[in-house]
Structures are given as structure tokens and as C-alpha cells.
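Residues: numbered from 1 along the sequence shown. Read the numbers this way: they start at 1 and go in the same order the structure lists the ligands and their atoms. Only heavy atoms go into these numbers, but all of them, side chains included; no hydrogens, no water, no symmetry mates.
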Amino acid sequence: MRHSAIYPGTFDPLTLGHFDIILRASRIFTRVIVAVAVDTRKSTIFPIEERVAMTSQATRHLANVEVTSFRGLLVHYAMRRGVHVVVRGLRAFSDFEYEFQMALTNRKLEPHIETLYLMPKEEFSYFSSSAVREVVELGGDCRGFVPKAALPFIRRRFGGRRAR
Ligand code: COA
């Protein structure tokens with residue numbers, strides 16, 4: 001599993017920025033496990049089944065990408081899967097402090113795990129899941145922010161009138 005990586009996140013919902021990171025990782029690693037967190041500090045809008053389903057559907061054409069959920073600590077899950085590389089996206093300087101804390105905490109917990117950062121395409125670097133949720137909640141068009149596969153999930157959750 002030396003050439004495998006885990007890309008963890010909440011994906012509430014999956015955005016084009018997340019998708020861009022998955023695509024980049026899938027070109028570098030022989031296998032990418034997109035791990036959707038059950039235990040996150042955030043209170044989520046989409047239940048875990050829907051976050052997994054929308055991510056699976058958006059990535060089903062990528063043969064080396066597996067989408068799954070995980071409970072508990074990320075480092076424990078990674079070790080159980082025999083994977084030593086965690087991939088995260090770094091969008092702007094403002095991400096740094098949060099990512100720095102997470103990477104070093106994970107390293108303290110499990111020194112064999114390395115975190116690698118990839119930068120999404122510039123046009124996606126200002127996206128966030130919470131911004132997408134706000135756009136939809138306030139009646140905006142989210143089609144330019146999320147993969148097509150996520151749209152039915154967003155429509156169902158927010159009502160067709162809102163998620164155009
Ligand atoms: N494109 C678009 N948005 C991106 C992005 C990208 N490439 N990269 C990050 N983001 C945004 C997300 O949209 C999200 O925005 P929001 O907070 O406004 O909704 C935010 O950045 C981070 O979301 P995400 O990438 O989904 O990751 P996360 O920070 O929610 O994930 C876990 C955190 C799940 C990895 C972490 O909580 C975890 O490992 N949990 C398991 C328990 C554990 O091990 N805890 C110890 C960790 S120190």
C-alpha cells in the first residue's frame with residue numbers, strides 16, 4: 001500500500017474544489033481512498049450516507065478511487081487500511097493554521113503518517129462547503145460550485161426550488 005493515499009474530509013457537500021483534489025491525487029497515487037468522516041467537529045447538513053453517495057457518484061469514472069466512511073481517529077483508520085499518506089487540499093494562506101494543527105496532531109499520534117498538500121485549481125480556491133450551503137439556502141445557483149452528481153442530493157435536501 002506504499003502508493004496509496006487517504007483524502008479525508010467532511011464533504012458537506014462535496015465541491016468542485018474537493019473533486020479537483022481527488023482528481024490530482026488519483027494521478028499521483030495508484031489508489032486513493034476518499035474517507036468521509038462520521039466524527040467531525042462540524043454539525044453536518046447531509047447525513048453520512050448522502051455524503052458518501054454523492055462523492056461515490058461524482059468519482060465513479062475514476063477506477064483507482066474508493067469512497068468510504070470512517071469513524072474515530074483518522075490515523076487509526078489509516079493504519080487499519082495500511083496507508084501512510086494523507087492528502088489534503090490547501091486553498092489559501094488562511095487554511096494553513098488549521099491544516100498545520102491537524103497535520104502535527106496526526107503526526108504526534110502516529111509518526112509513520114505523512115500529510116501531503118495539493119493546491120486546487122485557482123478558480124476553485126475560494127470555494128467552501130459552507131459557502132455552497134449558504135448560496136443554496138438563500139436561493140442562489142450552486143451549479144458552478146459542485147459536481148453534477150451532487151446536485152440531486154442538494155435538491156432533495158434543500159428543495160428543488162432552491163438548488164437550481
Ligand atoms: N475545495 C473546496 N473546499 C475545500 C477544499 C477544496 N479543495 N479543501 C477544503 N475545503 C473546505 C471545505 O469546503 C470546508 O469548508 P467549510 O468548513 O466552510 O464547510 C473546509 O475547507 C474543510 O472541509 P473538508 O475539506 O471537508 O475537511 P474537514 O476539515 O471538514 O475535515 C477531518 C476534517 C474530517 C479530516 C478531520 O476532522 C478528521 O480527521 N476527523 C476524524 C477525527 C480525527 O482524527 N480528529 C483529529 C484530527 S486533528
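- Checked against a 3.5 angstrom limit, the closest N/O atoms of Lys42 and ligand 1 fall inside it.
- For Asp20 (side chain) and Lys121 (main-chain N/O), a donor-acceptor pair under 3.5 Å exists by modelled atom type.
- Close approach to Gly72 involves these atoms of ligand 1, each under 4.0 Å from a residue heavy atom: 41 (C), 42 (C).
- Salt bridge annotation for Arg107-Glu114: present, with a cationic side-chain nitrogen under 4.0 angstrom from a carboxylate oxygen.
- For ligand 1, one of its N or O atoms has an N or O atom of Leu74 under 3.5 Å away.
- The protein atom (non-hydrogen) at minimum distance from atom 3 (N) of ligand 1 is Phe127 O, 3.3 Å.
- A donor-acceptor pair under 3.5 Å links the side-chain atoms of Tyr117 to the main chain of Glu99, judged by distance alone.
- Close approach of ligand 1 to Ala37 (heavy-atom distance below 4.0 Å) involves ligand atoms 34 (C).
- With a 4.0 Å heavy-atom cut-off, ligand 1 is reached by the side chain of Ile21 but not by its N, CA, C or O.
- Within 4.0 Å of atom 37 (O) of ligand 1, not a single protein heavy atom is present.
- Nearest protein heavy-atom contact of atom 45 (N) of ligand 1 is Leu73 CD2, 3.8 Å.
- Of the polar atoms of Thr105, none of the N or O atoms is found under 3.5 Å from an N or O of ligand 1, judged by distance alone.
- Residue-ligand proximity, Asp39 to ligand 1, at heavy-atom distances under 4.0 Å covers atoms 40 (N), 41 (C), 42 (C).
- For Asp95 and Arg88, the salt-bridge test fails: no basic side-chain N is under 4.0 Å from an acidic carboxylate O.
- Using a 4.0 Å cut-off to heavy atoms of Pro8, the atoms of ligand 1 that qualify are 35 (C).
- A donor-acceptor pair is defined here as one N or O able to donate and one able to accept, closer than 3.5 Å; such a pair exists between the side chain of Arg51 and the backbone of Phe46.
- The structure places OG1 of Thr15 at 9.0 Å from CD1 of Ile21, a figure rounded to the nearest 0.5 Å.
- The closest donor-acceptor contact from the side chain of Thr30 to the backbone of His3 lies under 3.5 Å.
- Less than 4.0 angstrom separates some heavy atom of Thr15 from each of these atoms of ligand 1: 1 (N), 2 (C), 3 (N).
- For Gln101, no nitrogen or oxygen atom sits less than 3.5 Å from a nitrogen or oxygen atom of ligand 1, counting backbone and side chain alike.
- Residue Thr40 places no N or O, backbone or side chain, under 3.5 Å from any N or O of ligand 1.
- Distance check on atom 41 (C) of ligand 1: some protein heavy atom falls below the 4.0 Å cut-off.
- For ligand 1, none of its N or O atoms has an N or O atom of Phe70 under 3.5 Å away.
- Not a single heavy atom of Ser125 lies less than 4.0 angstrom from ligand 1.
- Closest of all the heavy-atom pairs between Pro111 and Lys108 is CD-O, 4.3 Å.
- Below 3.5 Å of separation, one finds no N or O of Arg41 facing any N or O of ligand 1.
- With contacts defined as side-chain heavy-atom distances shorter than 4.5 Å, the pair Ile154/Val146 qualifies.
- Of the candidates Arg91, Glu110, Met119, Glu99, Arg91 brings a heavy atom nearest to atom 21 (O) of ligand 1.
- At the top of the distance list for atom 27 (O) of ligand 1, counting protein heavy atoms only, stands Arg88 NH1, 3.1 Å.
- Using modelled atom types, one side-chain atom of Arg133 and one backbone atom of Asp12 make a donor-acceptor pair closer than 3.5 Å.
- Geometrically, Arg80 does not engage Tyr77 in a cation-pi contact, judged by NZ or CZ lying under 6.0 Å from the ring centre and within 45° of the ring axis.
- Between Ser130 and ligand 1, at least one N/O pair is under 3.5 Å apart.
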TODO: Could you walk me through whether Arg81 and Glu66 pass the salt bridge (charged side-chain N to carboxylate O under 4.0 Å, His left out) test, one step at a time?
DONE: CA-CA 12 Å; Arg81 297 293 310 261; Glu66 169 193 340; 2.9 Å; yes
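- Remark: minimum distance from atom 12 (C) of ligand 1 to any protein heavy atom is reached at His18 NE2, 3.6 Å.
- The nearest protein atom to atom 26 (O) of ligand 1, hydrogens excluded, is given as Thr10 N, 2.9 Å; this is a heavy-atom distance.
- Residue His76 places every heavy atom at 4.0 Å or more from ligand 1.
- Set against the non-hydrogen atoms of Phe11, the atoms of ligand 1 under 4.0 Å away are 26 (O).
- For the residues Arg107, Met102, Arg71, the heavy atom positioned nearest atom 32 (C) of ligand 1 is part of Met102.
- Atom CZ in Arg71 sits 6.5 Å away from atom CG in Asp39 (nearest 0.5 Å).
- Nearest protein heavy-atom contact of atom 29 (O) of ligand 1 is Tyr98 OH, 2.5 Å.
- Contact annotation: the side chain of Arg155 never approaches that of Cys142 to less than 4.5 Å [non-hydrogen atoms, C-beta and beyond].
- Contact analysis leaves Tyr77 out of contact with ligand 1, as no non-hydrogen atom separation drops below 4.0 angstrom.
- In this structure, the side chain of Ser128 engages the main chain of Ala131 through a donor-acceptor pair within 3.5 Å.
- Less than 4.0 angstrom separates some heavy atom of Ser128 from each of these atoms of ligand 1: 3 (N), 13 (O), 15 (O), 18 (O).
- Checked by atom type and distance alone, the side chain of Arg91 never pairs as donor or acceptor with a backbone atom of Met119 at under 3.5 Å.
- When only non-hydrogen protein atoms are considered, atom 13 (O) of ligand 1 lies nearest to Ser129 N, 2.6 Å.
- Taking only nitrogen or oxygen atoms, main chain and side chain alike, Gly17 reaches within less than 3.5 Å of ligand 1.
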